[in-house]
Amino acid sequence: MPRITLPDGSVREYPEPVSGAQIAASIGPGLAKAALGVKVDGQLHDLGHVIDRDARVSIVTEKSRDGQPDPDALYLLRHSAAHVMAEAIQKLKPGTQLVYGPPVENGFYYDMRFPDGASLSSDEFARVEEIMAQIIKANRPFCRYEMPVGEGMKKLEREGSRYKIDNAQKAIEAGSDRLSFYATGKPGEDWEDLCRGPHVPSTGRIGAFKVMSLASSYWHGDENSDRLTRVYGTAFANQKDLDHHLKMLDEARKRDHRVIGKQLRLISLNEDVGTGLVLWLPNGAIIRRELEEFLRKARSDRGFVWVNTPHIGKLNLYRTSGHFPYYADSQFPPLVDAEGLSRSLLAHGGGCGCADIANAMAAPEVDGFLLKPMNCPHHIKIYEADQHSYRDLPIRLAEFGTVYRYEQSGECHGMTRVRGFTQDDSHIFCTPEQLSREIDIDIELARMVLAEIGLNDYRVRVGLRDPQSSKYVGSAENWALAEKVCIEAARGIGVPYSIEPGEAAFYGPKIDFVAKDSIGREWQLGTVQVDYNLPERFGLNYIGADNEKHRPIMIHCAPFGSLERFIGILIEHFAGDFPLWLSPEQVRILTISEKFAEYAGRVHREIGAAGAFRVSLDDTPERLQAKIRKATEEKTPYMLIVGGKDAEAGTVSIRHRTEGDLGSVPLERFLKLLREEVETHGRATILDAVRPS
RNA sequence: GCCACCGUAGCUCAGUGGUAGAGCACUCCCUUGGUAAGGGAGAGGUCAUGGGUUCAAGUCCCAUCGGUGGCUCCA
């Protein structure tokens with residue numbers, strides 16, 4: 001006699017156990033038709049799932065109440081589409097072994113292993129989609145059936161499905177006493193798969209789908225295990241949602257910082273220089289310099305002092321800090337002189353393969369230099385350059401410090417994942433009493449930076465250590481202390497925060513700012529990290545009021561993270577339309593004909609004389625339309641069009657790169673507005689001031 | 001590092017075994033025009049590199065280098 005509570009609070013009683021489909025039907029024929037699954041006390045199930053006790057139930061349909069695609073519906077659709085895709089691929093490539101096919105953020109994937117000699121190419125996606133379309137058109141039901149584990153295992157063994165047997169064993173270990181299978185159609189006749197479910201009622205409910213891409217993966221994510229092929233797809237309830245998704249992907253592609261970075265001549269990646277090494281062209285260097293100057297001032301205002309340190313340091317420095325032993329795989333090999341190298345190779349067996357060199361270098365007596373993977377050890381040595389009293393603290397050191405990390409070749413990506421990059425790094429050394437205030441200063445700085453850039457939608461992530469892992473340095477007490485401080489600081493920020501074990505740096509927990517860009521993608525930007533461990537490893541101290549030595553605490557803070565990555569993200573966020581203060585070119589004067597070159601030249605000189613504006617003059621004999629098109633494509637924020645009328649009246653006609661003609665204003669007024677927009681970082685714009693209402 | 005795909009003019013790309021192409025950009029000439037491409041001419045390529053198959057290779061095969069999408073990784 002189950003009493004069913006619906007999302008609107010109403011309660012329905014049923015005389016006997018009832019399925020999700022029956023509940024939907026009892027509410028209305030429209031809902032029965034739209035139903036894709038059922039959620040019982042927060043658990044998603046097949047629509048056919050039978051409820052035999054009191055429960056809170058909602059019927060899952062394609063749209064949630066806010067009109068957006070329902071996440072549960074997408075889960076069901078995509079999980080089901082994964083089955084359909086697997087069936088299609090197995091039909092196309094007989095003998096393919098299935099591994100695991102879950103829904104993921106924007107779709108689903110299925111890991112599979114092709115028989116020897118076979119593979120899937122993206123050229124075959126259309127064929128896979130054809131077969132999928134047939135299966136969907138046939139509208140076969142997803143039929144769940146269960147077996148006791150013994151019988152189920154026997155069935156899997158008969159089928160010789162190594163990976164599925166492993167999945168089943170995992171389920172049994174997790175406490176399952178039955179195995180569930182889903183047939184796409186009739187059990188025993190049609191295609192089926194060991195699967196926990198749930199699924200949509202039938203294949204016909206998969207409204208729109210697409211096979212997206214191929215990747216490789218490892219079984220259990222272990223690189224020494226079997227290599228699998230991961231086929232990605234996506235599915236939506238209808239074509240419109242799929243089209244919208246594809247449009248977003250296309251929009252993201254159009255904003256790709258590698259494409260825009262090339263078009264706007266911001267940066268260059270050159271294979272002769274090396275993978276993951278960014279060349280800043282003059283235009284990109286302007287953006288970088290503006291950001292650096294902005295942060296330089298912001299830091300100086302907050303009591304930071306500027307230092308400079310070299311790009312390399314001795315190996316022992318990084319042995320002490322822990323960087324060298326813990327991150328040996330992801331740094332460039334040490335720099336050792338030839339004599340030292342041959343000495344240590346001899347001492348370690350005499351081989352000179354990569355592994356031999358790596359082993360020889362790891363030996364504790366080897367001396368040499370390392371390209372710095374982080375700036376902190378150098379800054380620590382700057383702290384140590386003087387004896388410190390508690391009266392000196394806090395000491396706030398800052399540097400745009402370039403660091404090098406040997407990312408695996410497949411990891412490098414444009415400006416966002418590189419091998420050499422400049423951190424806007426800082427290290428505060430303070431007393432325990434000062435810690436909370438110093439963290440606040442760093443957090444305020446990081447938030448101010450985001451606000452000035454216009455990234456106002458962000459959340460905070462507190463990265464704690466993974467208690468299972470041994471990669472961290474320092475004592476448990478230090479970690480507990482630092483983690484507590486970070487969590488409290490995050491709580492005080494007033495934006496949503498999450499706590500994520502395993503996301504800490506190796507020396508301490510961190511507070512990361514994760515911002516949403518203009519098309520809704522999230523990026524990890526600034527970071528504030530609390531560190532009790534490096535001061536201890538280096539034996540740092542200050543003399544307290546008690547005339548005793550005490551250990552300072554360090555705070556690492558980088559509001560941008562790295563300039564390469566940050567500017568790469570900004571390129572995508574703005575799609576190249578940088579705010580005026582960051583634009584490589586701010587104003588371009590366009591002559592209507594060469595007859596007005598003299599007036600245009602005067603305007604050019606006056607703007608130049610009025611301040612450090614980046615202004616250029618296009619007085620070529622091209623037609624105006626062509627010049628406008630060129631300047632627009634080059635994303636110049638403001639074009640000033642000057643011809644006979646302007647020359648007579650002493651005005652300029654303003655054109656905005658995206659809003660078009662803004663009419664003409666006297667030159668002095670334009671200059672005043674220009675200065676205002678640059679100085680306010682775009683809070684007051686020329687566009688707003690003169691746009692015809 | 002692994003899997004799949006790709007590498008042709010400065011850029012974007014066409015060219016599936018038979019004389020290396022287009023558009024844009026560039027240079028020169030004409031055009032002097034009020035809000036997203038005026039017209040004409042010219043110059044520009046070891047088809048990533050090295051091997052192989054073939055009478056013949058940008059095209060087919062192998063290797064190497066580089067790129068892209070993922071995987072793994074990400075201090």
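By convention in this document, chain letters (A, B, ...) are assigned in the order of the sequence lines, proteins followed by strands, and residues within each chain are numbered from 1.
Rounded to a whole angstrom, the distance from the P atom of B:rG18 to that of B:rU64 is 29 Å.
Residue contacts for A:Ser653: at a heavy-atom cut-off of 4.0 Å it reaches a base atom on one of the strands shown. Among the heavy atoms of the strands lying under 4.0 Å from A:Arg417 is at least one base atom, whether or not backbone atoms are also near.
Comparing A:Cys412 and A:Phe506 along RNA chain B, the residue whose closest nucleotide (by nearest heavy atom) sits nearer the 5' end is A:Cys412. Where A:Arg629 and A:His413 each meet RNA chain B at their nearest nucleotide, the meeting point lying more 5' is that of A:Arg629.
Using the Watson-Crick or G-U wobble rule with both distances under 3.5 Å, B:rG42 pairs with B:rC26.
Ring pair A:His311/A:Tyr404: centre-to-centre distance below 6.0 Å. Ring pair A:Tyr318/A:Phe324: centre-to-centre distance not below 6.0 Å.
Rounded to whole angstrom, the span from the CG atom of A:Asp661 across to the C1' atom of B:rA36 amounts to 13 Å. Between A:Phe108 atom CZ and B:rG70 atom C1' there is a gap of 15 Å when expressed in whole angstrom units. Between A:Tyr109 atom OH and B:rU72 atom C1' there is a gap of 12 Å when expressed in whole angstrom units. Computed from coordinates, the A:Asp111 CG to B:rG70 P distance equals 15 Å when rounded to whole Å. We find that CZ of A:Arg230 is positioned 14 Å from C1' of B:rA4, with the value rounded to whole Å. Atom P of nucleotide B:rA37 and atom CE of A:Met639 are separated by 12 Å, given to the nearest angstrom.
A side-chain donor-acceptor contact under 3.5 Å links A:Asp512 and A:Thr527.
In this structure, A:Arg655 reaches the B:rA36 phosphate: one of its side-chain N or O atoms is under 4.0 Å from OP1 or OP2. Distances shown here put a side-chain N or O of A:Thr275 below 4.0 Å from the OP1 or OP2 atom of B:rG67.
Every side chain to side chain donor-acceptor pair (under 3.5 Å) that A:Glu536 has, sequence neighbours left out, goes to A:Asn478.
Checking B:rG66, B:rA75, B:rG38 against every side-chain atom of A:Arg623, the shortest atom distance belongs to B:rG38. For A:Lys595, whose side chain is taken as the heavy atoms from C-beta onward, the closest listed nucleotide among B:rA36, B:rA75, B:rG33 is B:rG33. The side chain of A:Ser330 lies closest to B:rA75, out of B:rA75, B:rG34, B:rU31. When distances run from any side-chain atom of A:Asp646 to the nucleotides B:rG34, B:rG38, B:rA36, the shortest one goes to B:rG34. If you check B:rC71, B:rG66, B:rG34 against the side chain of A:Leu624, the one that comes closest is B:rG34. Among B:rC73, B:rA75, B:rG33, the nucleotide with an atom closest to any side-chain atom of A:Arg405 is B:rA75. Checking B:rG38, B:rU35, B:rA36 against every side-chain atom of A:Glu622, the shortest atom distance belongs to B:rG38. Distances were taken from every side-chain heavy atom of A:Met374 (C-beta onward) to each of B:rG1, B:rA75, B:rG33; the shortest belongs to B:rA75. Of all nucleotides listed (B:rG67, B:rA75, B:rU72), B:rU72 comes nearest to the side chain of A:Gln408.
In this pair, A:Tyr109 and A:Tyr100 present their aromatic rings perpendicular. The plane angle is above 60°, beyond the 30 to 60° band.
Side-chain N or O atoms of A:Trp479 include one that pairs as donor or acceptor with a backbone N or O of A:Val473 at under 3.5 Å.
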